[in-house]
Enquirer: 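First the structure, then my questions, so here it is.
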There are 2 protein chains.
Amino acid sequence: MTVSEDLLQRIKAKYGDLSTAQKSIAQYLLDNYEKAAFLTAGQLGTLVGVSESTVVRFANTLGYGGYPHLQKEMQEHLKRELTTVSRLQQSPGKLKGPSLVHQILENDIKNLRRTMEEISPEVFDRVVEEIGKAPNIFIIGNRSAHCLALFLAMYLELLGKRVKAVPTGVTSIFEQLTIVQTEDLVIGISFPRYTSKSVEGFEYAARRGARTVAITDSVISPLAQLADLTLIAKSDLNSFIEAFAAPLSLITALATAVGMRERENVLRSLEHLEEIWDNYRIFYHGLERGWQEPIEK
Amino acid sequence: MTVSEDLLQRIKAKYGDLSTAQKSIAQYLLDNYEKAAFLTAGQLGTLVGVSESTVVRFANTLGYGGYPHLQKEMQEHLKRELTTVSRLQQSPGKLKGPSLVHQILENDIKNLRRTMEEISPEVFDRVVEEIGKAPNIFIIGNRSAHCLALFLAMYLELLGKRVKAVPTGVTSIFEQLTIVQTEDLVIGISFPRYTSKSVEGFEYAARRGARTVAITDSVISPLAQLADLTLIAKSDLNSFIEAFAAPLSLITALATAVGMRERENVLRSLEHLEEIWDNYRIFYHGLERGWQEPIEK
DNA sequence: CCACAATTGCAGCAATTCCTGCAAAACCAT
DNA sequence: ATGGTTTTGCAGGAATTGCTGCAATTGTGG
């Protein structure tokens, strides 16, 4: 816990006693430990302009058992930085222990970051294209992913698309997919542990020649193997429940992008909807906020 | 640029040709490269449960010159993630091409952060209590919030609770809520622009003397006024679509906490479910991972 | 300028990590 | 089952990386 601080503090504490060459190493570490964490003693030495031995002795001076020990500490520091929200680190004694809520929200933040990192804007755009021009859209999603499927379906419908969420229900997925045609788009949403019905349904659709998009958690998911286009959203689960924030966010982005693509149509049909919503009092009227323009600084 | 994609793409390309042991390595790398990047071949092998040799051969199969080469690639990937994220953090929305996806995911990260700051662990715990001891639970959620309601309902059901998601459907919310009793718990989920049906239904339940919990976006939301307990999840919308990542994450945390509260019961009923799942082949079997314990340090 | 101390780099040795031949085990299709 | 193929782990040698004695260098105060 205080491990990462240790490194910085050790350097600070001993900095005065260090020799010139060692000071330059210390300097480099403070500025670039995210690079240094991966270097061998020799490489680090060359980079800083000192010999390998000096680097080793530097580690010893700081009180480490050897260079590998120092290196490990840098790596821990790095890992910590990756997974922890800086805000939490800074906020003082406010939180006694990282409560469960915090752990889970933090985990979802990590998933979102990672998703952001791995998502390919090109693929994303092409998916938006596909959704835009597809005459019919089928969305496969079972169990927990069904909620995601419904969400996507609902918004695409709002945007004037012909959409059908296809869960296993009264009729099997296959039956519901018999009407799929080659121009149609099938979006499969599935995360570990992938439900077999979803995989089979998706496979069936692919074999029938439909265009296929997978929203899943990794390139090696069974859906990704079958799909024309794959969008990755991370969903590391560290409990028995899926962490679906990232997939949901991705789906939100998808729907938004589709909306942007056909701005005119969408605005028109939204205006129309507003009227309906108003007439039928769909929304609560105590706190009506009205339409909000995309703001954000 | 394409360096980091290379690793993923290589894995995807060769994944089919890999053996079982190698697949589990691939799996581990995709989920945990931030840890794997620091490990030696031997350590990685031990962690995944295969021999060092298999790890080395895995690297070769992917086309790398050896394990160090593969390792270097993971490190590059990691470094990239670090720098990208910090860049994104520092200048939100100021990127050269701030793609829509990034904007939206980033916005959701912001929502999660603010939710994390504003959530009260005490209230959260009390809500968990309430859920735990309630004989029946009703979850009100309409339109987009319906997905959230379904999600929560599904998991609570999995945990052995008597739950009913109450959307406007064949019968009105009121009709569905006539059976509510004073010991029962009603959870209302609603975000701007609050659907009137949800507010009215929630109000009705409150007047009937049920215990009430609101999951909503602010203390001044109509639901919060009526509820015994209120959980705040931020959902700043910067488009016509709600950003529901934070509420979803909060709900995930809720369900997890409830699960933890009754660990024994839950584990027992999960074991039972595992059997059922297995017998009926609910999950896809190519990539079966089995039950994973909550790990993380 | 000299003597002495501290620091540095080299070179070779020690330790770790990685690679590969080989036999046992697992798998698979008869 | 059975024979053949593939996969796996082990063991030991190869390569890399880290450590340290020693001599050269630098720096310093007299």
Side-chain angles (χ1 to χ4, degrees), chain A residues 7 10-11 13-29 32-33 35-79 220, chain B residues 7 10-11 13-29 32-33 35-76 78-79 285-290:
Chain A
L7 173 62
R10 280 191 199 203
I11 292 181
K14 304 263 184 178
Y15 191 77
D17 306 341
L18 298 177
S19 66
T20 327
Q22 292 193 336
K23 272 181 186 164
S24 53
I25 299 175
Q27 197 64 53
Y28 186 86
L29 289 196
N32 307 78
Y33 62 84
K35 286 172 200 150
F38 300 115
L39 301 173
T40 68
Q43 292 168 330
L44 176 56
T46 313
L47 239 106
V48 180
V50 302
S51 79
E52 182 183 326
S53 337
T54 306
V55 175
V56 174
R57 284 192 268 254
F58 170 76
N60 288 328
T61 309
L62 289 192
Y64 293 105
Y67 179 73
H69 201 323
L70 165 64
Q71 193 184 34
K72 183 141 226 162
E73 193 111 323
M74 292 192 288
Q75 294 174 349
E76 290 300 326
H77 194 169
L78 207 60
K79 250 193 283 184
I220 61 172
Chain B
L7 174 62
R10 280 189 199 205
I11 291 181
K14 303 266 183 176
Y15 190 75
D17 306 340
L18 297 178
S19 65
T20 325
Q22 292 192 335
K23 273 181 186 166
S24 53
I25 299 175
Q27 193 72 57
Y28 186 85
L29 290 196
N32 307 78
Y33 59 83
K35 287 170 201 153
F38 300 115
L39 302 172
T40 69
Q43 292 169 328
L44 177 55
T46 313
L47 240 108
V48 182
V50 302
S51 77
E52 182 184 324
S53 335
T54 306
V55 175
V56 173
R57 284 192 268 255
F58 170 77
N60 289 327
T61 310
L62 289 193
Y64 293 104
Y67 178 74
H69 200 323
L70 165 64
Q71 194 184 34
K72 185 142 229 160
E73 193 111 326
M74 293 192 287
Q75 295 174 348
E76 290 300 326
L78 205 61
K79 248 190 285 183
H285 230 70
L287 291 173
E288 187 68 76
R289 290 201 206 173

Enquirer: Taking the side chain of B/S53 as heavy atoms from C-beta outward, which of C/dC18, C/dT8, D/dA11 is closest to it?
Expert: D/dA11
Enquirer: Send over the distance from A/Q43 CD to D/dG18 P, rounded to a whole Å.
Expert: 8 Å
Enquirer: Could you state the CD1-C1' distance from A/I25 to C/dT7, rounded to the nearest angstrom?
Expert: 12 Å
Enquirer: Of all of residues 54-61 of chain B, which get a heavy atom below 4.0 angstrom from DNA chain C, listed by number?
Expert: B/V56, B/R57
Enquirer: Does the side chain of A/L29 come within less than 4.5 Å of A/L44's, by heavy atoms?
Expert: yes
Enquirer: Quick one: is A/S19 getting a side-chain N or O under 4.0 Å of the C/dA6 phosphate, OP1 or OP2?
Expert: no
Enquirer: Search all heavy atoms of A/L39 against all heavy atoms of A/Q71 and return the closest pair with its distance.
Expert: O-NE2, 2.7 Å
Enquirer: Rounded to whole Å, please give me the gap between NE2 in A/H69 and P in C/dA15.
Expert: 18 Å
Enquirer: For the helix from C/dC1-D/dG30 to C/dT30-D/dA1, what is the angle between the axes at its two ends, each from 5 pairs, rounded to 10°?
Expert: 40°
Enquirer: State whether the side chain of B/Q75 and the backbone N or O of B/F38 hold a donor-acceptor pair below 3.5 Å, judged by distance alone.
Expert: no
Enquirer: By side chain to side chain contact (heavy atoms under 4.5 Å, CB included), which residues pair with A/E52, not counting sequence neighbours?
Expert: A/A41
Enquirer: Taking the six-membered ring for Trp, are the ring centroids of B/Y33 and B/Y28 within less than 6.0 Å of each other?
Expert: no
Enquirer: Where do B/T61 and B/Q22 come nearest, in terms of heavy atoms and distance?
Expert: OG1-NE2, 3.6 Å
Enquirer: I need the minimum non-hydrogen distance between B/Q27 and A/I220, along with the two atoms involved.
Expert: OE1-CD1, 3.4 Å
Enquirer: Using the side-chain heavy atoms of A/Y67, tell me which of these nucleotides is nearest: D/dC19, D/dT8, C/dC18.
Expert: D/dC19
Enquirer: In whole angstrom, give the distance that lies between atom CD of B/E52 and atom C1' of C/dC19.
Expert: 8 Å
Enquirer: Should we say atom NZ of B/K72 is surrounded by more than 12 heavy atoms from elsewhere, each under 6.0 Å from it?
Expert: no
Enquirer: Taking atom P of D/dT17 as reference, at what distance in whole Å does atom NZ of A/K72 sit?
Expert: 17 Å
